[in-house]
Structures are given as C-alpha cells and as structure tokens.
Amino acid sequence: MYKIYVLKNLTDNFHYIGHTKDIEKRLHEHNYGKVRSTKAHIPFEVIYTEEFKTKSEAQQRKYYLKRGKGNVCLREMLKSQNLW
C-alpha cells in the first residue's frame with residue numbers, strides 16, 4: 001500500500017505533501033534532514049494520510065492536493081480540525 005501524507009513543522013507552520021510506501025521511514029528521513037526540500041524546517045509530525053493500492057494512484061492524489069482546488073480543499077479540511 002502507498003500513502004500520501006501531509007507533514008506540519010512543529011515550529012514555523014511549514015507544510016509538506018508527499019507520498020511513500022513506508023511512512024515511518026519517510027518521517028524519519030524528513031526529521032533527520034535527509035530530504036532537501038524539508039531540511040530547513042525540521043522537526044515534523046504527520047497530520048494527515050490517505051492509502052492507495054498503487055504508486056500511480058498515490059502520485060495522482062498528491063499532485064491534486066498540491067495544486068489549485070485540491071490544495072484549497074485540503075487546507076479547509078485541515079483548518080476545520082485545527083491542523084493547518
């Protein structure tokens with residue numbers, strides 16, 4: 001199973017959307033500065049996940065949530081839960 005995930009920085013309100021097969025390993029990589037795009041914003045916590053059967057499905061959902069209407073919907077949902 002593949003997952004898309006949203007990370008939230010614990011200090012400066014930076015958010016990151018990604019996909020992976022192993023969420024625990026990926027969170028560890030983010031929190032130990034092994035991911036260039038999030039290195040300056042550690043530490044992180046996972047605030048949202050969704051599961052998919054294929055990598056392709058997860059990638060398509062990730063791209064949708066990163067842009068336009070998908071991003072607006074994601075932000076609104078997470079704001080309503082005080083996560084954004």
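A quick note: this is a predicted structure, and the numbers were derived from the prediction, not measured.
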Flag the pair Glu50 and Lys3 as a salt bridge only when some basic side-chain nitrogen lies within less than 4.0 angstrom of an acidic carboxylate oxygen.
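No.
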Side chain to side chain contact (heavy atoms under 4.5 Å, CB included) evaluation trace for Phe44 with Leu10
CA-CA 6 Å; Phe44 288 98; Leu10 299 174; over 6 Å; no
Going hydrophobic residue to hydrophobic residue with side-chain gaps under 4.5 angstrom, can you get from [X] over to [Y]?
{"X": "Tyr48", "Y": "Trp84", "answer": "yes"}
{"X": "Leu78", "Y": "Tyr16", "answer": "no"}
{"X": "Val6", "Y": "Met77", "answer": "yes"}
{"X": "Leu83", "Y": "Ile4", "answer": "yes"}

Verify salt bridge (Lys or Arg N to Asp or Glu O under 4.0 Å) between Arg26 and Glu29, making sure each step is shown before the conclusion.
CA-CA 5 Å; Arg26 192 65 176 147; Glu29 292 170 348; 2.9 Å; yes
Would His28 and Tyr32 count as a side chain to side chain contact (heavy atoms under 4.5 Å, CB included) if you check the C-alpha gap in whole Å, the side-chain angles of each, and the deciding distance to 0.1 Å?
CA-CA 6 Å; His28 184 286; Tyr32 283 86; 3.4 Å; yes
Please step through side chain to side chain donor-acceptor pair (under 3.5 Å) for the pair His15 and Lys8, ending with a clear verdict.
CA-CA 5 Å; His15 291 79; Lys8 180 180 181 181; 5.0 Å; no
Would you mind reporting whether Met1 and Phe52 have side-chain heavy atoms less than 4.5 Å apart?
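Phe52 vs Met1: side chains apart.
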Report yes if some heavy atom in the side chain of Leu7 is under 4.5 Å from a heavy atom in the side chain of Ile47; otherwise report no.
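When only atoms from C-beta onward are counted, Ile47 and Leu7 do not touch, as no gap falls below 4.5 Å.
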Rounded to the nearest 0.5 Å, what separation is found between the CD atom of Gln60 and the CD atom of Glu57?
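With rounding to 0.5 Å, CD (Gln60) is 7.5 Å from CD (Glu57).
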Between atom OH of Tyr64 and atom SG of Cys73, what is the distance when rounded to the nearest 0.5 Å?
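Answer rounded to 0.5 Å: 4.5 Å.
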When you look at NZ of Lys66, are more than 12 heavy atoms from neighbouring residues, nucleotides or ligands closer to it than 6.0 Å?
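Yes, NZ of Lys66 has more than 12 neighbouring heavy atoms, counting only those of other groups under 6.0 Å.
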Are Tyr2 and His19 close enough that their ring centers fall under 6.0 Å?
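Centroid distance Tyr2-His19: not below 6.0 Å, so no.
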Can the ring centres of His30 and Tyr5 be said to be less than 6.0 Å apart?
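Distance test on ring centres: under 6.0 Å, yes.
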Asn71 side chain to Leu65 main-chain N or O, any donor-acceptor pair under 3.5 Å?
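The answer is yes, because a donor-acceptor pair under 3.5 Å joins these two groups.
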Least distance between heavy atoms, Leu74 atom then Ile17 atom:
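Closest heavy-atom pair between Leu74 and Ile17: CD2-CD1, 3.6 Å.
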